[in-house]
Amino acid sequence: MFPQAPSRWVCTDAPVTCRRCRMEWRSGDPALTLACRGCDAPAGAPCQRSQGGNERACHQRDADAQRLRLMAPCDGLSWDGRHDKPARLYPVPVTGAMPVLSGAPVSKFFD
């Protein structure tokens, strides 16, 4: 599944809150219930972007989730209506986490 070893770990069903509008999804990012057209990640799996970025989903996945009304567009200060949903990235496997290719730094604080 991965062209190279995973560089980070992320819990796709962990609660997430938009940093712009403060909308919260207790069961995880609704966009991740869809397959991603941007990076070809399957439904339920994190987006794979080896060049970096600590967002939970590619732009295409977010757009599809909004189009299917799984989530409303962000009413915060965003030019594209996209929620700012940062992923908590771990340097090692943790309970419930899935591997993700990302050049983004690990999160500063662990639960």
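From a predicted model like this one, the values you see are computed outputs, not experimental measurements.
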> Are side-chain heavy atoms of Asp13 and Ser27 found at a separation under 4.5 Å?
Replying inline: no
>> I need the minimum non-hydrogen distance between Asp62 and Arg82, along with the two atoms involved.
In response: OD2-NE, 2.7 Å
> Closest heavy-atom contact between Thr12 and Ala45?
Replying inline: CG2-C, 4.3 Å
>> Enumerate the side-chain hydrogen bond (donor to acceptor under 3.5 Å, both in side chains) contacts for residues 28-38, please, sequence neighbours excluded, ordered by first and then second residue.
In response: Asp29-Lys85, Arg37-Asp64
> Taking side chain as C-beta onward, heavy atoms only, is Pro46 less than 4.5 Å from Arg56?
Replying inline: no
> Is the backbone of Gly81 close enough, under 3.5 Å, to the side chain of Gln66 for a donor and an acceptor to pair up by distance?
Replying inline: yes
> Taking the hydrophobic residues Ile, Leu, Val, Met, Phe, Trp and Tyr, and joining any pair whose side-chain heavy atoms are under 4.5 Å apart, which ones share a cluster with Met23?
Replying inline: Val16, Trp25, Met71
> How many angstroms lie between atom CZ of Arg8 and atom CG of Leu89, to the nearest 0.5 angstrom?
Replying inline: 7.0 Å
> Considering only heavy atoms from C-beta outward, does the side chain of Arg88 approach that of Val10 to under 4.5 Å?
Replying inline: no
> Other than Leu34, what residues sit in its cluster of Ile, Leu, Val, Met, Phe, Trp and Tyr side chains whose heavy atoms are under 4.5 Å apart, directly or through others?
Replying inline: Leu68, Leu70
> Is any side-chain N of the basic residue among Arg26 and Glu24 closer than 4.0 Å to the acidic one's carboxylate O?
Replying inline: yes
> What is the minimum heavy-atom distance between Trp9 and Val100, and which atoms define it?
Replying inline: N-CG1, 4.1 Å
> How many angstroms lie between CG in Asp84 and CZ in Arg22, if you round to the nearest 0.5 Å?
Replying inline: 9.5 Å
>> Taking the side chain as everything from C-beta on, heavy atoms only, tell me whether Arg61 gets closer than 4.5 Å to Cys47.
In response: yes
> Quick one: OG on Ser7 to CD on Gln48, what's the gap to the nearest 0.5 Å?
Replying inline: 8.5 Å
